[in-house]
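The model shown is predicted, which means the values in this text are computed figures rather than measured ones. Both counts, for ligands and for their atoms, begin at 1 and track the order of listing.
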Amino acid sequence: MKYLIGGNRKMNKTNADIAEYMQQFFALYQDQDLVDIALCPQMPSLSYTSTFLPKGSVVLGAQNMHYEETGAFTGETSPLLLNELGCKYSIIGHSERRTLFGEDATLINKKLASCIAHGMRPILCIGETLEQRDAGETEAVLTKQFTEATQWIDCTKLDVAYEPVWSIGTGKIPTMPEIEAMHTLIRTLLNNEESRILYGGSSNDQNAAEILTLNNVNGFLVWGASLDPKKFTTMISAIVSKLMK
Ligand code: PGA
């Protein structure tokens, strides 16, 4: 299986920053065909970012999309435009979209269907809050979020990111056995062997190699460490080394 790492830029980096980043990134990165790399900048920077991408394993992804192609949806982005800009992936259902922008399971389900129908691969994010974890509800929460989001969806056409909400941007991560148990649960829910299951939540250049030893971890979805080309390329190298063993 080809692994996947997504760099979720969130609301960071101007075009001037991107120019500098891409120069540093390509000074450190050697193209390879073991890992797909999805760079997910802010929407207005998709086009600019694409000008730096040679044909190869580094591709564009969106952080979000609307499910309709056209219409009166002020501030939203059409999958047709994402297609035109060359996006191969879209992150769907990130916890920040769920909590800050009120996205519910029905909406996430529609976005997944539309993303797939437009030939892009969704990276579906699921994860528990600290309260849910403390209440011992993690497995139930992941199962509910996954099942509701993927109703009527061909799960071979998507990848999943397990992102514990309390771990995002905090430097805290679950224990290795906890990560492995949740990824194994997600593999069972997916009921296929080809979807990549990414770990997301304070993954970085220091912990990537250890997390990659776990069963059913097939890459990462990264914010903080992805903003630094050195850290991000170190994570890519960790995946390549693991797959070459
Ligand atoms: P982090 O963010 O890598 O900074 O924890 C991950 C994410 O929100 O996708």
Side-chain angles (χ1 to χ4, degrees), residues 3-13 17 21 25 35-43 45-46 49 58-65 87-103 108 111-112 115 120-130 132-133 138 141-142 145-146 149 158-176 178-179 182-183 186 195-212 214 217-239:
Y3 278 28
L4 170 65
I5 185 166
N8 176 11
R9 292 292 144 80
K10 306 195 182 181
M11 205 169 73
N12 296 93
K13 295 208 186 285
D17 297 332
Y21 182 96
F25 178 89
V35 191
D36 289 321
I37 300 156
L39 296 182
C40 309
Q42 298 178 71
M43 297 292 187
S45 292
L46 283 168
T49 303
V58 189
V59 299
L60 274 187
Q63 296 178 16
N64 181 31
M65 56 173 273
C87 283
K88 303 286 183 236
Y89 294 88
S90 179
I91 300 170
I92 304 282
H94 190 279
S95 63
E96 287 148 21
R97 299 294 320 166
R98 294 177 193 256
T99 55
L100 302 174
F101 301 98
E103 293 197 4
I108 291 166
K111 289 186 180 196
L112 285 183
C115 185
M120 295 178 284
R121 218 172 151 85
I123 302 173
L124 168 66
C125 299
I126 57 176
E128 80 286 359
T129 63
L130 192 55
Q132 290 164 335
R133 172 185 160 90
T138 303
V141 168
L142 297 187
Q145 287 180 350
F146 178 91
L158 57 82
D159 300 307
V160 177
Y162 168 48
E163 299 212 315
V165 179
W166 54 273
S167 175
I168 294 173
T170 61
K172 296 181 192 145
I173 62 168
T175 64
M176 295 298 137
E178 283 170 339
I179 295 176
M182 292 315 121
H183 279 238
I186 294 166
S195 295
R196 279 81 57 96
I197 307 174
L198 314 181
Y199 173 73
S202 297
S203 63
N204 58 38
D205 51 323
Q206 303 294 315
N207 59 24
E210 187 180 6
I211 298 172
L212 284 165
L214 305 173
V217 173
N218 313 120
F220 299 100
L221 184 59
V222 203
W223 172 48
S226 81
L227 300 178
D228 177 333
K230 193 154 190 312
K231 291 182 183 169
F232 196 48
T233 49
T234 301
M235 293 181 80
I236 296 166
S237 302
I239 304 176

*Please could you name the atoms of ligand 1 that G169 approaches to less than 4.0 Å, counting only its heavy atoms?*
1 (P), 4 (O), 5 (O)
*Within a distance under 4.0 Å of any heavy atom of G224, pick out the atoms of ligand 1 and give their elements.*
1 (P), 3 (O), 4 (O)
*Enumerate the atoms of ligand 1 whose separation from the nearest heavy atom of H94 is less than 4.0 angstrom.*
7 (C), 8 (O), 9 (O)
*Plane angle bin for F232 and F25 - parallel if under 30°, tilted between 30 and 60°, otherwise perpendicular*: tilted
*According to the interplanar angle, ranging from 0 to 90°, do the rings of Y162 and H183 count as parallel (below 30°), tilted (30 to 60°) or perpendicular (above 60°)?*
perpendicular
*At what distance is the nearest protein heavy atom to atom 3 (O) of ligand 1, and which residue and atom is it?*
W223 N, 3.0 Å
*May I ask you to check if ligand 1 and G200 share an N or O to N or O distance below 3.5 Å?*
no
_Whether the side chain of R121 engages the backbone of L158 through a donor-acceptor N/O pair (distance < 3.5 Å, no angle test) should be reported._
yes
*Element-labelled atoms of ligand 1 that are located less than 4.0 Å from some non-hydrogen atom of E163*: 6 (C), 7 (C), 8 (O), 9 (O)
*Can you sort out which atoms of ligand 1 are near G201, meaning under 4.0 Å from one of its heavy atoms?*
5 (O)
*Under 3.5 Å: donor-acceptor pair, side chain of S202, backbone of S167*: yes
*Is there a salt bridge (charged side-chain N to carboxylate O under 4.0 Å, His left out) between D36 and K88 once you walk through the steps?*
CA-CA 10 Å; D36 289 321; K88 303 286 183 236; over 6 Å; no
*asked:* Does only the side chain of I168 get under 4.0 Å from ligand 1, or the backbone, or both, or neither? Count heavy atoms.
replied: both
_I91 side chain reached by C125 side chain, heavy atoms, under 4.5 Å_ = yes
*asked:* Taking 4.0 angstrom as the limit and counting only heavy atoms of S202, give me the atoms of ligand 1 inside it, by number and element.
replied: 1 (P), 3 (O), 5 (O)
*Numbering the atoms of ligand 1 from 1, which are under 4.0 Å from a heavy atom of V222?*
3 (O)
*Contacting atoms of ligand 1, where contact means under 4.0 angstrom from a heavy atom of N8*: 9 (O)
*Just checking, any donor-acceptor pair under 3.5 angstrom between side chains of Q63 and H94?*
no
*Can you find an N or O of S203 that's nearer than 3.5 Å to an N or O of ligand 1?*
no
*A225 to ligand 1: N or O pair under 3.5 Å?*
no
*asked:* My understanding is that only one of I239, L198, I197 makes a side-chain contact (heavy atoms from CB on, under 4.5 Å) with L4; could you say which?
replied: L198
_Evaluation steps, side-chain hydrogen bond (donor to acceptor under 3.5 Å, both in side chains), between Q132 and T129_ = CA-CA 5 Å; Q132 290 164 335; T129 63; 3.2 Å; yes
